[in-house]
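To keep things clear, I will list the structure first and then write my remarks on it.
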Protein chains: 2
Amino acid sequence: MNSSLTRREVNRETNLVDIRQRARELLVAEGPAGVTLRPIARAIGLTAPALYRYYASREDLLLDLIADLYDELTTSMERARDELARDDLTGRFIVVTRAFRRWARAHPREFELVFATPVGDPGAPKDDRLEGCGQRFGGVFQGLFVELWMHQQFPVVADEQLDPRLRRQLRQWAADNDIPLPLGALDVFLTCWVRLYGLISLEVFGHLSFALTDVEPMFDAMLSELAQRLGLSWRAEFSAG
Amino acid sequence: MNSSLTRREVNRETNLVDIRQRARELLVAEGPAGVTLRPIARAIGLTAPALYRYYASREDLLLDLIADLYDELTTSMERARDELARDDLTGRFIVVTRAFRRWARAHPREFELVFATPVGDPGAPKDDRLEGCGQRFGGVFQGLFVELWMHQQFPVVADEQLDPRLRRQLRQWAADNDIPLPLGALDVFLTCWVRLYGLISLEVFGHLSFALTDVEPMFDAMLSELAQRLGLSWRAEFSAG
DNA sequence: CGGCGTTTGTTAACGCCGTACACTGTTTAC
DNA sequence: GTAAACAGTGTACGGCGTTAACAAACGCCG
């Protein structure tokens, strides 16, 4: 039996779930500013002050929501990855990046909240929760990169060709996280991340609409370039014209 | 005499200036959510409802603020550009992109407001003002690109090598805006924009801090790559190590 | 079972917010 | 000089996040 949980504990969990669900619905319907306490409380049959038994503040609730969304995105990328064979690194690279874009397009408000909310200027008093989520999210790409490198090394520049200031930081990063990659590969990794994030957020925020109505072909073209850069044989196919 | 303006008109202009200035200060100090009517009104010796003689709503005021910021950024880029000789296209490309980054770093709150506020999902009911601002902003890069191409063409792919879906959109864009560039060059333009925007917003939003504490060397390295892609002879110099 | 401390909820209140309305004094234009 | 246009005010409404005081429900232990 699961009755090792007291009635209180069960109720607390269901309430927490309901709160987050309603917060998510409000986020989708009205954006970050629309996530307010009273409607959330009302929806689950409580009053606003009662929510303070669950979260220290609205800010705290939002942080939890962000963590949830972060995890959802990461999970969807991992699932896409795991549908392909372990050794199909090319395929995994493609489906993971596409899963990222698909999630961003399907959930623009959530994307906005997770990726375009500055983390606080001075020294970032950001929450530990998000630290872990970001780590897990980045880990999907990072893990793919490491396997890619292990299996078939792509061309990278020698350490000496990197700006010493950059070199130092990359070395530090690799050391702190035990990443068994040469610094040049880390540089490639970051460049891929920049292009991926750049294109997706430009699309979601509408800053490409001056030129494109459908970003998909450009996204595919970018994947082709990245794949080529990584020594993968993938090319986006399109009917000749 | 400047008294062709009535006393009322003069007062109206100064009030408008004061409102925007105070709004800007609040934005910087507390972020977009901190731009509220009562403190603005108080600061210039009015009450909140009086602001409705100047703006239809808070939203309307924010839109005006965004337009102001957009223009400020564009102007700073144009100024950086115009400090270099008309034919120093390489130099102009470098200083304009650096001016963009400098402004973003110096004004993270403003950058957030201008570049990371989605323009409304369905069909974008966005204001006409912003349309013009965006046009002027993009025009700086676009103008530079056109001159670059005119002066010294860089290698681009043939139209037939582009995904037909992408090709169609690029052709449409070029036609609508009378851009005298081959479609392959437009593709390069968008790719540069993606990388520039991607790196700068990742930096401003703190989404590179997992690896880098100082993004500058990576930015310089990116500029080197872009310059090379565009057939420019610029390379970020760094002391050998 | 009885009682007690903890937990979870309530209501009331404070000081904010954007905004609408009725009203008043000043400025402008004819 | 007078009437219309304008730029303010004060008041009010409903909403917000949050705090404080209090009441009921619950879990645990003797």
Side-chain angles (χ1 to χ4, degrees), chain A residues 1-20 22-27 29-66 113 117 120 125 127, chain B residues 1-27 29-66 109 113 117 120 125 127:
Chain A
M1 289 291 288
N2 48 6
S3 296
S4 69
L5 292 174
T6 74
R7 214 181 326 181
R8 272 222 256 249
E9 285 167 333
V10 169
N11 198 256
R12 181 160 241 279
E13 287 316 308
T14 68
N15 272 351
L16 271 170
V17 169
D18 288 350
I19 290 171
R20 285 199 286 249
R22 184 62 190 140
R24 171 78 175 268
E25 289 169 7
L26 282 171
L27 172 66
E30 311 179 33
V35 182
T36 58
L37 299 189
R38 282 177 170 82
I40 294 174
R42 206 176 302 127
I44 64 175
L46 294 179
T47 61
L51 295 185
Y52 283 78
R53 301 291 176 193
Y54 298 87
Y55 290 100
S57 66
R58 171 179 181 272
E59 177 72 16
D60 192 44
L61 194 166
L62 270 183
L63 235 43
D64 225 52
L65 182 56
I66 293 178
L113 188 62
T117 302
D127 198 279
Chain B
M1 290 287 287
N2 49 4
S3 297
S4 67
L5 293 172
T6 74
R7 210 179 330 180
R8 272 223 254 249
E9 285 167 334
V10 169
N11 197 256
R12 180 160 243 279
E13 288 314 310
T14 68
N15 271 351
L16 271 170
V17 169
D18 288 350
I19 290 172
R20 284 198 285 250
Q21 175 184 317
R22 184 62 191 140
R24 172 78 175 269
E25 290 169 6
L26 282 171
L27 171 66
E30 312 179 32
V35 183
T36 58
L37 300 188
R38 282 178 171 82
I40 294 175
R42 206 176 302 131
I44 64 175
L46 293 179
T47 60
L51 296 185
Y52 283 78
R53 299 287 174 193
Y54 298 86
Y55 291 100
S57 65
R58 172 181 180 271
E59 177 70 16
D60 192 43
L61 195 165
L62 269 183
L63 235 44
D64 225 51
L65 182 56
I66 293 178
R109 294 323 244 291
L113 189 61
T117 302
D127 197 277

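Here is the naming used below: chain letters follow the sequence lines, and residue numbers restart at 1 for every chain. Small disclaimer: the values here were computed from a predicted structure and weren't measured.
- Atom CD of B:Glu9 is separated from atom C1' of C:dA29 by 12 Å (rounded to the nearest Å).
- Using a 4.5 Å heavy-atom cutoff, the side chains of A:Asn11 and A:Thr6 are not in contact.
- Distance CG (A:Leu51) to P (C:dT11): 14 Å, rounded to an integer number of Å.
- Here A:Thr36 lies in heavy-atom contact (under 4.0 Å) with sugar-phosphate atoms only.
- A:Ile40 places its CD1 atom 16 Å from the P atom of D:dG15, with the value rounded to the nearest Å.
- In summary, B:Glu9 and B:Arg12 do not engage in a salt bridge, as defined by a charged side-chain N under 4.0 Å from a carboxylate O.
- If you measure from atom CZ of A:Arg7 to atom C1' of D:dA24, you get 13 Å, rounded to the nearest angstrom.
- D:dG17 atom P lies 14 Å from atom CG of A:Asp60, rounded to whole Å.
- Closest to the side chain of A:Pro49, out of D:dC28, C:dT28, D:dT19, is D:dT19.
- In this structure, B:Arg58 reaches the sugar-phosphate backbone alone: every heavy-atom distance under 4.0 Å involves primed, P, OP1 or OP2 atoms, never a base.
- Within the 4.5 Å cutoff, the side chain of A:Leu16 has heavy atoms near those of the A:Glu13 side chain.
- Nucleotide D:dG8 holds its C1' atom 12 Å from the CD1 atom of B:Ile19, rounded to whole Å.
- Taking only side-chain nitrogens and oxygens, A:Tyr54 comes nearer than 4.0 Å to OP1 or OP2 of C:dG9.
- Distance from the side chain of B:Arg42 is smallest for C:dC17 among the nucleotides C:dC17, D:dG27, D:dT18.
- Between A:Arg8 and C:dT6, a side-chain N or O to OP1/OP2 separation shorter than 4.0 Å is absent.
- Distance B:Leu5 CG to C:dA29 P: 11 Å, rounded to the nearest Å.
- A:Asn15 has a side-chain polar atom (N or O) that falls below the 4.0 Å cut-off from OP1 or OP2 of C:dG9.
- Distance B:Glu30 CD to C:dC16 P: 13 Å, rounded to the nearest Å.
- Closest approach to the B:Leu46 side chain among C:dG18, D:dA7, D:dT9 is made by D:dT9 (side chain taken as heavy atoms from C-beta onward).
- Side-chain contact between B:Asn15 and B:Leu46 is present, with heavy atoms from C-beta onward closer than 4.5 Å.
- As judged by a 4.0 angstrom heavy-atom cut-off over every strand, A:Arg38 is placed among the base-contacting residues.
- Each of D:dA7, C:dA20, C:dT11 was ranked by its minimum atom distance to the side chain of B:Arg12; first place goes to D:dA7.
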For this session: Report the C-alpha separation of A:Asp18 and A:Ile40 in whole Å, then their side-chain angles, then the decisive distance to 0.1 Å, and conclude whether the side chain to side chain contact (heavy atoms under 4.5 Å, CB included) test is met.
Result: CA-CA 9 Å; A:Asp18 288 350; A:Ile40 294 174; over 6 Å; no
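- Distances shown here put every side-chain N or O of A:Tyr52 at or beyond 4.0 Å from the OP1 or OP2 atom of C:dG9.
- Side-chain contact between A:Tyr55 and A:Arg20 is present, with at least one heavy-atom pair separated by less than 4.5 Å.
- Here B:Arg53 lies in heavy-atom contact (under 4.0 Å) with a base.
- The shortest distance between the side-chain N/O atoms of A:Asn11 and the OP1/OP2 oxygens of C:dG9 is below 4.0 Å.
- Pair assignment for D:dG30 gives C:dC1, based on Watson-Crick or G-U wobble hydrogen-bonding distances that are each under 3.5 Å.
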